[in-house]
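Here's the structure, in structure tokens; my notes come after.
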Amino acid sequence: MYANVIIEYPLKTLDKYFLYKIPDDLVNSLKIGMQVKVPFGKQTIKGFVLNIVANIPSVDYEIKEIIAIINPEIILNDELIQLGKFIEESTLCPLISAYQAMLPAALKLKKTTNNYHKYNTYIELNTDKNLVNDYIKNNPRSIKQLEIIKYLQNNQNVLKSTLNCSALKILINNKIVKENKEEVYRLNKDNTTLIKNKLTSEQQDVFNNIKANLNTLNTYLLYGVTGSGKTEVYFNLIDEVLKQNKTALVLIPEISLTTQIINRFYKRFNNIVAIFHSGLSIGEKHDEYLKVVREEAKIVVGTRSAIFSPLKNLGIVIIDEEHSSTYHQENIPRYNAIEVAKWRAKFHNIPLILGSATPSLESMARAQKNVYKLVTLNNRAQDVELPKCNIIDLTKEIEKNNLVLSSSLLEAIAKCLVNKEQTILLLNRRGYSTVITCSNCGFTYKCPNCDITLTYHKSSNHLRCHYCGYTTFKSEKCPECKEESLTFLGTGTEKLVTLLQQEFPTARIVRMDTDTTTKKDSYQKIIDDFAAFKYDILVGTQMISKGLDFPLVTLVGVINADSSLNIPDFRSNERTFELLTQVAGRAGRSEKKGEVIIQTFNPDNKIIDFVKNNEYLNFYKYEMAIRKTLKYPPYYFLISLKVSSKEYDIASKEANQITKILKNNLSKETIVLGPTTANIFKINNIYNFQILIKYRFDNQINKVLKEIDNMYALNKKISLSILFDPIHF
Ligand SMILES: [Zn+2]
Ligand SMILES: [Zn+2]
């Protein structure tokens, strides 16, 4: 018997398959999808078994034998083996990288150890009482040993760690005490409070609609306003799936959201839930994965890569906040989790639910064309009203010298503090100040490696580049003209907290952004503390905008709505609408009425108006007309090619060369734009050019791109990345 093994080859852009003989002692246990150790040259390396054959044509070289199976429990099943091939073809990635992406870090090929299992060791007395008695009688024992023996005579299930000492060691060596190892999971949730809420009639209708087609392939777009209780519908659908003895896969966008939602899942479904997100330790992820492999977990809730969970007998896939850009992976393999979900739904012939209060234009367009089935929740649950939204013109505030906080917002915060209610403030820039310039000579701190200004972080007195991490200290004087005339422009979250503290000295303020949440469980702590009313005001970047549910929050303030409108990206309107609607949705989610205050320099902007009046469908129509005129998605498909090099001339020359190949080989209707310098031209001393392809139908495209990709696979001076449906530019 022989096996084809795919290995991680040093040249990462190419797949390599090798044939190995299966030694007799492994013939019965080796299965397709297992990881194995194989000899490779003088080394031993690891790979996946892709197929097994009985006979091979004769070859004139020696076929080596597989050395060992790495972990018989971990197998990429038939579904995942096929799914890897789909990802290879649709994203032009090496097959091996698709398989690697499916496994938690502890179980990937590169890991030198696979021993992430955690054990508890219990101790007990040898059941042979005579042996124990003889041991005590024949040799007078130390008091400590006698104490341990007595303790074990009276207690069961004793953890070794609670008694560990040299006397215990002697007892174990003499076989008087026996050890029992028991594998334990690092995360152990056992909630006794299982909560079920009654569905509203609107929720019931949506539920019935989908329930009637549980064993049919359909993609549903569940469009429900913020606070309409989409999760409650998910719960009831999962109940139905479990009744059929099937499993459920739920994706949520980002970690800031996971804590609250995951707790709801635990409360509702108890310990049949496995979770995956970036806040878990490598060992925790390993254990959660094992729960799925061992079929102890029936429900997986997790962020993007959880879409690869090896759940058997899948009954439903749910993607919450489907508009979120976090479902697109930017590194190889550059997959879109929604496309992977569609593939898995098709494989199992089951429904896929895409839920959102602000569906992506692509999804709504598909729903309008009946490619997706549209189901709607128009009202908030429990008769709670949507919050009232006020727009504040910042140009008028500047006249009053209110540079960051308008008088209306200040008044509203003061009122909240008096009423013992909570406030959330959104400011989508972290740090203290985003630009530091010299008012004397015009000098600006810029990153020496990248094409952008440095952000000032006051707590550490650092200037930091948010792209490459370059850090430097801020001097008191201007480095150019040596005058003390450095001024801070552009407010970040850190400065906002300082300003608020000056205005409201007794207010309890907490900040949540990537700077305050680097430590494990720090998200959880901020969210728990805010929920427990240990703080009055939560200041944060977009990570606070989605999914959070705090009943005491009655005020949401947006410090500057223009920051995302001004980003040069065709999706900036959509992102702004989504961000503002989502953050506004955090206000007034229980019986207390909510208020939203949006500050802007463009009070007449259409997008802000749609947010104010909660007009998603009007926004959709308005934006679709723009996309149609400008030939952008969803009317056209987009592919972006990024050509990067440390040498400007090489990057420029090759980008032009690639553009030429594309223009010569793609259909006439396909539009090839560029090369242009990318949005941020220089990052970490690497120059980036971008080529954009817009097309509707072009059956040549994947073939042409694959050829170009292969051309540059071995080129060390150029790196080419091809992104289908790019999310960031
Ligand atoms: Zn200066
Ligand atoms: Zn930089």
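For ligands, and for the atoms within them, numbers begin at 1 and follow the listed sequence.
- The distance from atom CG of Leu92 to atom CG of Leu720, rounded to the nearest 0.5 Å, is 10.0 Å.
- Phe637 CZ: 12 or fewer foreign heavy atoms inside a 6.0 Å radius.
- Rounded to 10°, the angle formed at the Zn ion (ligand 1) by SG of Cys441 and SG of Cys478 is 110°.
- The Zn ion (ligand 1) lies at the vertex of an angle of 110° between the SG atom of Cys481 and the SG atom of Cys438 (rounded to 10°).
- The Zn ion (ligand 2) forms the vertex of an angle spanning SG of Cys447 and SG of Cys468; to the nearest 10 degrees it equals 100°.
- Asp320 contributes no side-chain N or O that, together with a main-chain N or O of Ile252, makes up a donor-acceptor pair within less than 3.5 Å.
- Because the distance cut-off is set at 2.8 Å, Cys450 qualifies as a neighbour of the Zn ion (ligand 2) through one of its N, O or S atoms.
- Here Phe308 and Tyr335 bring their ring centres to under 6.0 angstrom of each other.
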